[in-house]
Amino acid sequence: MSVFLIGVAILLLGLLLRALLLPLVHGVVVGWTSLYSLGLPSERRDRRRAEIQSSLWEHAKLERELGYSPEVTALHQLALVFAVFPAICRGGWKRCDGRKCDYPSIFDNTCLACLPTFTIGLAASRRLNT
Amino acid sequence: MRRKQDTLLPIEVSILQAALALAKGRNREFHGYQIAKEIKEEQGARMLTAHGTLYKALDRLERGGLIESRWEDPFIAAREHRPLRRLYQVTGEGVRALTAIPVCCPHGAVTAARTPARA
């Protein structure tokens, strides 16, 4: 009986996670957008966020029509955010190295985007080395 | 990426080219996701252009007067139960720029635009 209940609980949890995954990823992307657009003037910042929310919606709709599952769409949308990090870091270090950066967005002038990449890299290397 | 004055970054060229390709169809106006999809298909890329890269480039192009934009009619978005789209359109200046302004390559060198003749 308890095995059956555990099975049902796992199934329900899986269904719940499946239902929440895409909204969760949208939240991550919008949160990241909010963070990197903090330095922009409010009008441009609000517009950027609204456009990215619209873009996420269009992307999810198209993939749904193409028959992709919400999990795959969520992965695609996350990849769109994280795949750009190495390029940001390369450009960011180059720009910020030894001179003042005059870009209005913190995304551009503090190399903030490098932090998650660096943290993940460090964690991965520690795990590999222990 | 810092841009030399009077040059276009490769992403900006891609946006203008994709926008002009889209304009040959039914609508002269396009939204961000539409342009990302068009660039992906044209270049045969595996992934869409990242949101940050795309919208920053659109912003730069608009401030440079090469494209213009407006919010769509909220009634249309509400009727279709979706978020409001920002609609872009290439200006005459944008069409001229695509043919006349050099492309600033990723390593800072300046190369000639793909179509050297002026429009």
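Keep in mind that the numbers below use all heavy atoms, side chains included, and drop hydrogens, waters and symmetry copies. Within every chain, numbering begins at 1; the chains are lettered A, B, ... in the order of the sequence lines, protein sequences first and strands thereafter.
One distance of note links CG of B:L54 with CG of A:L80; it measures 10.0 Å at 0.5 Å rounding. Rounded to the nearest 0.5 angstrom, A:W57 CH2 and B:R85 CZ are separated by 7.0 Å. With rounding to the nearest 0.5 angstrom, the CG atom of B:L58 is 8.0 Å from the CZ atom of A:R47. To the nearest 0.5 Å, atom NZ of residue B:K56 and atom CG of residue A:L40 are 9.0 Å apart.
Heavy-atom contacts from other residues, nucleotides or ligands closer than 6.0 Å to CZ of B:R82 number more than 12. Counted within 6.0 Å of CD on B:E80, heavy atoms from surrounding residues, nucleotides or ligands total more than 12; the atom is thus considered enclosed.
Inspection of non-hydrogen atoms places A:H59, A:L62 of residues 59-77 of chain A under 4.5 Å from chain B.
Using a 4.5 Å cut-off between heavy atoms, B:E72 does not touch chain A at all. For A:E51, the parts lying near chain B are the backbone and the side chain together; criterion is any non-hydrogen pair under 4.5 Å.
Checked against ring-ring contact (aromatic ring centres under 6.0 Å, His included), B:Y55 has no partners two or more places apart in sequence or in another chain. With sequence neighbours excluded, the residues that form a side chain to side chain contact (heavy atoms under 4.5 Å, CB included) with B:D73 are B:F75, B:I76. Evaluation of the side chain to side chain donor-acceptor pair (under 3.5 Å) rule for B:E29 yields B:R70 as partners, not counting sequence neighbours.
At a threshold of 4.5 Å between side-chain heavy atoms, the hydrophobic network of Ile, Leu, Val, Met, Phe, Trp and Tyr places B:W71 and B:Y88 in two separate groups. Note: the hydrophobic cluster containing A:L56 does not contain A:L21 (ILVMFWY, side chain heavy atoms under 4.5 Å, direct or indirect links). Residue A:V28 is grouped with residue A:V30 when hydrophobic side chains (ILVMFWY) are merged at heavy-atom distances under 4.5 angstrom, including chains of intermediate members. Both B:I39 and B:L66 are part of a single hydrophobic cluster, where members link through side-chain heavy atoms under 4.5 Å apart.
A 4.5 Å side-chain heavy-atom check between A:R44 and B:D59 finds at least one atom pair inside the cut-off. B:Q34 has its side chain out of reach of A:E58: every pair of non-hydrogen atoms, C-beta onward, lies at least 4.5 Å apart.
The two residues B:P83 and A:Q53 come nearest to each other via the heavy atoms CG-O, 4.3 Å.
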